[in-house]
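As the structure is a prediction and not an experimental result, all values here were calculated from the model.
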Amino acid sequence: MPLLALGQLRRRPAAFAGLAVALFLLLATTTLFGSLFATEATAPAARRAPVAGPGLRVIAGAFGEIAVLVAFFVVVNAIGFALRRQHRELALLRTIAATPRQVRRLVRVQIVLTALAVAAPGALAGVYAAHGLLGALQRRGMAAPALDVPVTLLPALVALAITLAVGLAASAVAVRRISRIAPAAALTATTTEQGRTGTPRLVVGVAALAGGGLLLRLSATRPPDELDKAGQAALLGSLVLLVAVGLTGPLAARALVAVLGAPLRALLPGTGWLADANLRGHARRLTSAVVPVALLVGLSATMTIMTRTAERAAGPTGAASATDVWLRQAELALLTCFAAVSTINTVVAVTGERRREFALLRLVGATRRQLLRMLTAEALLTTAVGVLLGATVAALATAAFSAAATGSAMPSVPAATCGAIVAGAAALTVPGILGSGLRAIRGPAAELVGGGRD
């Protein structure tokens, strides 16, 4: 089994590149915060001095908790696309008597090998980042000046264990479909998409919506002197709501495309109609592309608006809130990094796997220019749907936080920054789709349809 998994990694390195980047970020991040936790935990009492802010262990715990949740979200997506790129091979294994357990074991071995490949560079990056972040905290009086990052392998080993646990848990979610269907149906499933969203998925999605609503209510009812708890509850609530978007996304995304696609169909009767039909006809593929955009916009906007609202609540005399603002900005940078990686991985994978679809369109007369116009229309619609879903989540989360911070559900919205977030999401999504689309339409159409290239 290890040799078979290694062969797949060597044969399809591009399929696992996104997963490797996601696991690298997770390992580096957990090493970073593990090192900060160890810094304070192992320091002699003489080196610990009173500091402004919550302290290293609290910062590491709060940041690490959110980072692992977001990383799980990103890794599930990355594993899903790595599996889709090798769906045919896994389907063939099922038809030649491979059991579901063997398929799941093969995927688990692939995850372990990929994680081990990025373990050393991820740990080194995490330790380097820990030194940089500790210095930044010390300059702002949030860490004792005498503290230093200890030289120990324990944070890296714990980070590797967490990375493996997240990867294996994510693989159990991603491999479920290919391992459960009948062998004869496995090959057919590589080119078809189920038309309905399953009832279990909808039930879990509704439960996630309810859970996110409860977290936002908890945030809104925190007293003004517990803004940190209100902020964490609002951020966690936004994450849970984004998970609900991913689970119920095929329904919401299809409805939004039907509304937003109307003017596009009128302006571009040919390619606009085809783009709209493609997105609505492949709701799961659309959701896969939309959810990372919603994650990027939702998390970034939530953190940005919460920071501005907290500054307004502190007022002109709230100088002590400067440390909180800096910590939120650091957390925003971390979460944005994860979300951006997820967005790029997803849009490139979703578009790249459509080679045969594009080849069929070329065989029936579509030109490359027409395909690019269609992809441009799809990219704009995908971005618009993702931005709307992310903005909706951010609006709900920040309204709850604002209710706790100011007593009003109207948060302070920095329009220029939020506009930059939307522009950044578009800058990642549209070029990603068009770039991978250009690569996908290269080569002889007849050969691509016949499966000669992948």
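Across L299 and S238, no two heavy atoms sit closer than the pair CD2-OG, 4.0 Å. Scanning both residues, L36 and A130, for their nearest heavy atoms gives CD2-O, 4.0 Å. Closest non-hydrogen pair, A340 versus L428, comes out as CB-CD1, 3.8 Å. In plain terms, the two heavy atoms of M306 and F401 that are nearest each other are O-CE2, 3.4 Å. The heavy-atom pair separating L27 from A115 by the smallest distance is CD1-O, 4.5 Å. Considering all non-hydrogen atoms of both residues, I111 and L168 come closest at CG2-N, 4.3 Å.
Judged as a side-chain hydrogen bond (donor to acceptor under 3.5 Å, both in side chains), the pairs with a partner in residues 371-387 (not counting sequence neighbours) are, in order, N278-E378, R354-E378.
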Could you go through residues 409-426 and list every donor-acceptor pair under 3.5 Å that involves a side-chain atom there, pairing it with any protein atom two or more places apart or in another chain?
{"from": "S412", "atom 1": "OG", "to": "R312", "atom 2": "NE", "distance (Å)": "3.3"}
{"from": "S412", "atom 1": "OG", "to": "R312", "atom 2": "NH1", "distance (Å)": "3.1"}

Name every donor-acceptor pair, under 3.5 Å, that has one atom in a side chain of residues 142-167 and the other anywhere in the protein, sequence neighbours excluded.
{"from": "T152", "atom 1": "OG1", "to": "L154", "atom 2": "N", "distance (Å)": "3.2"}
{"from": "T163", "atom 1": "OG1", "to": "A159", "atom 2": "O", "distance (Å)": "2.8"}

Listing, residues 207-220 side-chain donor-acceptor contacts under 3.5 Å, not counting sequence neighbours, or none:
{"from": "S219", "atom 1": "OG", "to": "A230", "atom 2": "O", "distance (Å)": "2.8"}

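R222 meets the side-chain hydrogen bond (donor to acceptor under 3.5 Å, both in side chains) test with E226; sequence neighbours excluded. S402 is linked by a side-chain hydrogen bond (donor to acceptor under 3.5 Å, both in side chains) to T406, counting only residues two or more places apart in sequence or in another chain.
For the residue pair T302 and T398, no side-chain donor N or O sits within less than 3.5 Å of a side-chain acceptor on the partner.
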